[in-house]
Amino acid sequence: MAPRIALAPDPHGPGGRLRPLDDAGTPLGPPEPVPDLAAAVAAREAAEHPRWVWAAADSGYAPLLPRLPDRLARCHDLRLVEALLLAHEGRFGAPRSLGAGWARLHGLPVPADLPEPGSAEADDGQDTLFAPDRLQLPPGTDPLAAVVAVHAEQQRRLAAIADPAARARFRLLTAAESAGALAAAEMADDGLPWSVDVHDRLLTELLGPRPTVPGTQPRLLAELAVELQRALGGRPFNPDSHSQVLRAFADAGIPLASTRSWELKTIDHPAARLLVRYKELSRIHVAHGWAWQDAWARGGRFRPEYVVGGVVSGRWASRGGGALQIPRILRRAVVADPGWLLVVADAAQLEPRVLAALSQDAGLARTAAGGDLYEALAATAFQGDRDKAKLGLLGAMYGQTSGDIGPLLAILRTRYPAAMGYVEAAARTGEDGGVVASRLGRPCPPASADFLDLTEAPETAGDAGGRSARARGRFTRNFVIQASAADWALALLAALRRRLAELPVATAADRPHLVFFQHDEVMVHTPANLADAVAAAVEAAADEARRLVFGDTPVRFPLSTAVVECYADAK
DNA sequence: TAGGTGGGCGCC
DNA sequence: AAAGGGCGCCCACCTA
């Protein structure tokens, strides 16, 4: 067990205080004031690799990063762990700041969490000005004392989980979530290598030259709009307005139910094809065009802000820049530095494999023992029709009932009763208003009014209740899989981060580092001579994650790994 | 004018 | 008969 050290920065200036703790969180000595927190942290990190206990890595780590010679190995993020514990204790969504934990400990009124920076409510005044750390502590409270006390309380609550196996898994989850917070801060600091030149060329090819007047449409987009108007009779209309588009098509004798691309693609008319193209290009322009480049990708690095645990399933969210929605076509712009390479690894067919491991379905586990899972599934149960196999299994995991999927589900139910029973049990729990959890114990939110869809056409209360219950069932059905996949991915990320830190390098500047993480995919930017070692580290981390999360399972989680100069060349 | 909502689509 | 899970972002549009 690594030693633990609580830390709190001074509110002003570079100093702070440290306090060593035992595993239960009991202080092993008095607080130690240090004049230079970054220097003190660096020294203690080198000497003893402690687990740093702090209020929140997102605010605590970023200011230290530029001054640390090496990355921190591990931490305990009180805010993230508090959120996990509260959910586990049936108090999903309760305030999770250090101040909230402190208040609950002392029977004080619990302060609401501050709105996330960048959110709509965040610009409401000066609160954040006086609480940049978002701790929400009562005035006069000693932050280090609060860190020590709330940590001890969290350790007590973790130890109170009765089932030893469940306790071990949940502790793993808190450690992985905390490690993720370190990785997220580091990735924001390093940035994703982004070639502004390549991006410019791509945009110019697709849209025409960058408009000299900001806010005007690039030439090719404007021409496309005119062509579209001409194809519908020549009257001008705004292609971005759904109602105007619907009217223009109707006037030309083409009734549309919506302007969705998939509907347009079924219509054999030049205007439909032009509109689809316009939408594709327009989206790139508005969401990932020159304005985006100016805001997010200056200086050869795209620096998104990741929100660890930002999705209820444990997936990460991002804030600004759309880091997790980079269009495939723009991957051409992600280019390694000269002499460096990108190691891109994504888990192949992660979610069905997770289902196989969760349900311990022997048959499905055999199809997930390696190679192409859908191919194996098709050979076993669908006369070699891979598309059907994939459609059926995805439908089972998402709760799909429409289309021609019924017969496929019936086959799966016969062939893989344990796996289908698993998702159907999760769905029933949800329909009955219950709560499910991931493999490591991350609970889903409780049933609430959110799931009552009151916008539907008038109907009896019973119908609304049934609709809402089924929606809840689809959610819990998918949650067990999506959230357990997130458990695995988080464990992989933590293991990989540790393994990268163990690679021998001459200087810290030569160390391979994570630059991207997207649900089931990781990317490492590495000096070319270490690329093979990095690829091996990713493989090892994936296998470590499998063992940690699922224990003894025949299911394998193969990675598709590519070593490339450019992201677009991976797979 | 600002904020909220819904359509639509990018990613997994 | 049928209503496929999770997000972020931008637009038009409506309302206060």
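Naming convention: chains lettered A, B, ... in sequence-line order (proteins, then strands); numbering from 1 in each chain.
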### Task
Return the stems involving DNA chain C, sorted by first number, where pairs are Watson-Crick (N1-N3 with N6-O4 or O6-N4) or G-U wobble (N1-O2 and O6-N3), both under 3.5 Å, and runs are 3 or more long.
B:1-12 with C:5-16

### Task
Take the protein atom NE2 of A/His519 and the nucleotide atom P of C/dG5, then report the distance between them rounded to whole Å.
16 Å

### Query
Taking the six-membered ring where the residue is Trp, are the ring centres of A/Trp292 and A/His285 under 6.0 Å apart?
no

### Task
For a side chain to side chain contact (heavy atoms under 4.5 Å, CB included) with A/Leu393, tell me which candidate from A/Leu377, A/Leu409, A/Thr367 qualifies.
A/Leu377

### Query
What nucleic acid atoms does A/Gln518 come within less than 4.0 Å of, heavy atoms only: base, sugar-phosphate, or nothing?
sugar-phosphate

### Within residues 259-279 of chain A, residues whose heavy atoms come under 4.0 Å of DNA chain B
A/Thr259, A/Arg260, A/Ser261, A/Lys279

### Task
Give a yes/no on whether any side-chain N or O of A/Arg315 is located under 4.0 angstrom from OP1 or OP2 of C/dC7.
no

### Task
Calculate the interatomic distance between A/Glu305 atom CD and C/dG8 atom P; express it in whole Å.
12 Å

### Query
Is the shortest side-chain N/O distance from A/Ser243 to OP1 or OP2 of C/dC13 below 4.0 Å?
yes

### Message
Under the rule for ring pair (Phe, Tyr, Trp, His ring centres under 6.0 Å), what residues qualify as partners of A/His525, not counting sequence neighbours?
### Response
A/Trp340, A/His513

#### Entry: N/O (side chain, A/Ser258) to phosphate O (OP1/OP2, B/dG7) under 4.0 Å
no

### Query
Does anything in residues 265-276 of chain A pair up under side chain to side chain donor-acceptor pair (under 3.5 Å), and if so which pairs, sequence neighbours excluded?
A/Asp268-A/Arg273

### Query
What interatomic distance, in whole Å, is found between P of B/dC9 and the corresponding atom of C/dA1?
29 Å

#### Entry: Any A/Ser402 side-chain nitrogen or oxygen under 4.0 Å from OP1 or OP2 of C/dG4
yes

## Note on the structure
Contact check, residues 410-424 of chain A vs DNA chain C, heavy-atom distance under 4.0 Å, returns none

#### Entry: side-chain hydrogen bond (donor to acceptor under 3.5 Å, both in side chains) partners of A/Asp77, counting only residues at least two apart
none

### Query
What pairs with A/Arg247 under salt bridge (Lys or Arg N to Asp or Glu O under 4.0 Å), at least two apart in sequence or on another chain?
none

### Query
Within this structure, what is the CZ-to-P distance between A/Arg474 and C/dA3, rounded to whole angstrom?
10 Å

### Task
Just call it for A/Leu394: base, sugar-phosphate, or nothing, with non-hydrogen atoms closer than 4.0 Å on any strand.
nothing

### Query
If we require ring centres under 5.5 Å and near-parallel planes under 30°, does A/Tyr398 stack on C/dG5?
yes

#### Entry: Nucleotide nearest A/Ser241 (side chain, heavy atoms from C-beta), chosen from C/dC7, C/dA12, C/dG6
C/dA12

### Task
Would you kindly give the CG-to-C1' distance between A/Leu221 and C/dC10, to the nearest whole Å?
14 Å

### Query
How close do A/Arg472 and A/Pro445 get, heavy atom to heavy atom, and via which atoms?
NH2-O, 2.8 Å

### Query
Would one find a side-chain N or O of A/Asn478 under 4.0 angstrom from OP1 or OP2 of C/dG4?
no

### Message
Students often get this wrong, so: under 4.0 angstrom with heavy atoms, is A/Arg477 touching a base, only sugar-phosphate, or nothing?
### Response
nothing

### Message
If I take atom CG in residue A/Leu281 and atom P in nucleotide B/dG10, what distance separates them, rounded to the nearest angstrom?
### Response
11 Å

Only distances under 3.5 Å count here; give the side-chain donor-acceptor pairs of residues 396-403 of chain A to other protein atoms, sequence neighbours excluded, each with its distance to 0.1 Å.
none

### Summary
note: A/Met397, atom CE; B/dC12, atom P; distance rounded to Å ~ 15 Å

### Task
Describe the nucleic acid contact of A/Gly310 in one word from base, sugar-phosphate, nothing, applying a heavy-atom distance below 4.0 Å.
nothing

### Query
How many Å lie between CG on A/Leu256 and C1' on B/dG8, as a whole number?
14 Å

### Query
Nearest heavy-atom pair of A/Leu350 and A/Phe557: which atoms, and what distance?
CD1-CD2, 3.6 Å

### Query
What is the ring orientation for A/Trp194 with A/Phe302, classed by angle as parallel under 30°, tilted 30 to 60°, or perpendicular over 60°?
perpendicular

### Non-hydrogen atoms of A/Ala426 and A/Val436 that approach each other most closely
O-CG1, 4.1 Å

Show the atom names and distances, to 0.1 Å, of all donor-acceptor pairs under 3.5 Å that link a side chain in residues 483-495 of chain A to residues at least two apart or in another chain.
| unit_1 | atom_1 | unit_2 | atom_2 | d |
| --- | --- | --- | --- | --- |
| A/Ser484 | OG | A/Arg439 | N | 2.9 |
| A/Ser484 | OG | A/Val480 | O | 2.6 |
| A/Asp487 | OD1 | A/Ser438 | OG | 3.3 |
| A/Asp487 | OD2 | A/Ser438 | OG | 2.7 |
| A/Asp487 | OD2 | A/Arg439 | N | 3.3 |
| A/Asp487 | OD2 | A/Leu440 | N | 2.8 |

#### Entry: Residues which pass ring pair (Phe, Tyr, Trp, His ring centres under 6.0 Å) with A/Trp316, listed by chain and number, not counting sequence neighbours
A/Tyr306, A/Phe517

### Query
Given A/Lys390 and A/Asp387, is the salt bridge (Lys or Arg N to Asp or Glu O under 4.0 Å) satisfied, shown in steps?
CA-CA 5 Å; A/Lys390 182 174 178 176; A/Asp387 288 345; over 6 Å; no

### Query
In whole angstroms, how far is the P atom of C/dC7 from the CZ atom of A/Phe475?
7 Å

Review item, side-chain donor-acceptor pairs of residues 200-212 of chain A, under 3.5 Å, at least two apart:
| unit_1 | atom_1 | unit_2 | atom_2 | d |
| --- | --- | --- | --- | --- |
| A/Asp200 | OD1 | A/Trp290 | NE1 | 2.9 |
| A/Thr204 | OG1 | A/Asp200 | O | 2.8 |
| A/Arg210 | NH2 | A/Asp294 | OD2 | 2.7 |

### Task
Go through C/dC7, C/dA3, C/dG5 for me and flag the one nearest to the A/Val311 side chain.
C/dC7

### Query
Which residues within residues 283-293 of chain A lie with some heavy atom under 4.0 Å of an atom in DNA chain C?
A/Arg283, A/Val286

### Message
For a quick test of reading the model, state the closest non-hydrogen atom pair linking A/Leu232 to A/Ala248 and the distance between them.
### Response
CD1-CB, 4.0 Å

### Touch class at under 4.0 angstrom, heavy-atom based, for A/Gly395 against every strand present
nothing

